[in-house]
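Nothing here was measured: the structure is a model prediction, and the numbers come from that model. Chain naming here is simple, since letters A, B, ... match the order of the sequence lines and numbering starts at 1 in each.
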2 protein chains.
Amino acid sequence: MIEAISTRRPRKAQVARREILTVAARMMRERGYAEMSLRDLAAEVGMKAGSLYYHFASKEELACEVMRAGVEIVSEAVTQELNEAGDIPPRDRLVTALRIHLETLQSASDFASAHIRCYPFVPPAVQAELKEVRRAYDRVWSIIIRAYLGPGADANRVRYLRHVLIGALNWSLEWFDPERDDVAGYVETLAGLLPAEPGGSA
Amino acid sequence: MIEAISTRRPRKAQVARREILTVAARMMRERGYAEMSLRDLAAEVGMKAGSLYYHFASKEELACEVMRAGVEIVSEAVTQELNEAGDIPPRDRLVTALRIHLETLQSASDFASAHIRCYPFVPPAVQAELKEVRRAYDRVWSIIIRAYLGPGADANRVRYLRHVLIGALNWSLEWFDPERDDVAGYVETLAGLLPAEPGGSA
DNA sequence: GTCTATAGACGGATAGAC
DNA sequence: GTCTATCCGTCTATAGAC
């Protein structure tokens with residue numbers, strides 16, 4: 001009984017919190033960090049600006065949670081799909097990762113888009129706070145790419161190829177139109193650039 | 001005589017105007033459009049905020065000129081280099097374009113970086129004003145890529161490959177460190193993904 | 001948990017002196 | 001051309017009622 005009550009207590013707060021984060025993600029994606037006013041955000045959630053401070057200590061903390069969720073959503077989608085795929089060739093793993101990253105970016109997540117677009121302009125404290133999750137997701141890709149290039153691959157070659165691919169995927173935020181473009185087609189173009197046997201040192 | 005005087009009159013204004021644009025480009029690159037305050041901008045140029053309005057009608061117009069210069073600088077660098085290169089194979093033209101775009105982005109131009117980073121968050125009126133220069137630069141790339149893929153290349157394949165390459169180049173703003181990275185190395189990685197004979201329809 | 005009310009700072013833009 | 005002075009709006013954040 002007592003547990004039931006104490007478990008239920010924070011429920012309303014959690015719901016409101018989630019809704020704030022959802023709306024904030026969309027606003028950050030569309031307008032940017034500085035251009036997202038807490039008044040507008042609160043209005044869309046159906047509350048007043050001051051009430052937000054019951055859920056978040058500051059605008060920076062709010063933005064930080066949105067952006068952290070952004071990386072985690074994409075990262076978990078990719079790793080989960082790769083786990084389910086089981087034992088497939090390294091190149092297939094890489095192409096799968098490309099597809100899931102792009103799919104999640106385009107269909108699922110204002111959070112990820114907000115992260116990608118806003119990161120350069122967010123306060124340094126927020127950037128610092130996000131450093132670790134970002135590095136973690138980078139490591140996921142480094143492993144996938146190293147497996148594709150082969151065990152003896154130069155570390156810099158791995159890093160550069162990672163930047164090429166992530167850049168090609170994230171840049172889709174600037175042009176991808178769901179009405180005209182399809183994820184499969186773009187991934188196909190990208191995969192067409194990845195030879196079955198990635199020889200050479202270039 | 002009269003001509004000399006009237007020619008000299010606007011000179012001081014032009015110098016000041018250029019300096020404002022230069023500082024504005026750096027501030028937009030570093031902080032973003034909304035976070036660039038005209039007070040700070042004026043202070044770094046050595047004047048007061050109100051004085052800026054002698055040179056520009058509004059903050060939007062100022063941003064617009066910075067961003068337009070950004071595309072033009074890169075576009076002209078690429079086209080000029082290709083003109084000087086003369087008659088070289090289509091794939092070499094493509095790799096040259098990749099190199100110059102990246103070089104200009106990294107060494108020369110806060111203007112281009114400001115454009116790339118700020119475009120998503122700049123007021124719609126500014127975006128509309130920039131639409132034409134952006135399309136013009138897109139056309140430059142479409143021509144280069146179509147020549148590489150061959151005369152029968154599917155229009156969508158051209159467009160997707162363009163997005164892949166431009167994305168891979170522009171994303172360098174997020175990670176490229178001149179102390180550690182070099183343009184040649186990254187272009188080499190990128191070129192390694194472009195086969196001499198771009199067959200298939202993928 | 002959410003409200004009202006407001007503090008306190010800063011934003012873009014304008015008018016008129018020099 | 002640049003300055004001073006200022007209007008007026010918006011912003012984040014806080015305090016205290018309910």
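Between the side chain of B/Arg117 and the main chain of B/Arg29, a donor-acceptor pair closer than 3.5 Å is present.
How far OH of A/Tyr119 is from CG of A/Asn170: 13.5 Å, rounded to the nearest 0.5 Å.
Contact between the side-chain N/O atoms of B/Ser37 and the OP1/OP2 oxygens of C/dC10 is not found at any separation under 4.0 Å. Between A/Arg39 and D/dT10, a side-chain N or O to OP1/OP2 separation shorter than 4.0 Å is absent.
The shortest non-hydrogen separation linking B/Cys118 to A/Phe121 is SG-CZ, 4.1 Å.
Looking at A/Glu132 and A/Arg139, a side-chain N of the basic residue comes within less than 4.0 Å of a carboxylate O on the acidic one, giving a salt bridge. Ion pairing between B/Asp110 and B/Arg26 fails under the 4.0 Å rule for side-chain N and carboxylate O.
A heavy atom lying under 4.0 Å from DNA chain C marks the following residues of residues 47-66 of chain A, by number: A/Met47, A/Lys48, A/Ser51, A/Tyr54, A/His55.
Between the P atom of C/dA9 and the CG atom of B/Asp40 lies a distance of 16 Å, rounded to the nearest Å. Atom NZ in A/Lys12 sits roughly 8 Å away from atom C1' in C/dT2 (whole-Å rounding). In this structure, the CD atom of A/Glu19 is 15 Å from the P atom of C/dG1, given to the nearest Å. Between the C1' atom of C/dG1 and the CD atom of A/Gln14 lies a distance of 14 Å, rounded to the nearest Å. Here the C1' atom of nucleotide C/dT4 and the CG atom of A/Leu38 are 17 Å apart, to the nearest Å. Rounded to whole angstrom, the span from the CD atom of B/Glu35 across to the P atom of C/dC10 amounts to 16 Å. Protein atom OH of B/Tyr33 is 11 Å distant from nucleotide atom C1' of C/dG11, rounded to whole Å.
Within the 4.5 Å cutoff, side-chain heavy atoms of A/Arg134 are placed close to those of A/His115.
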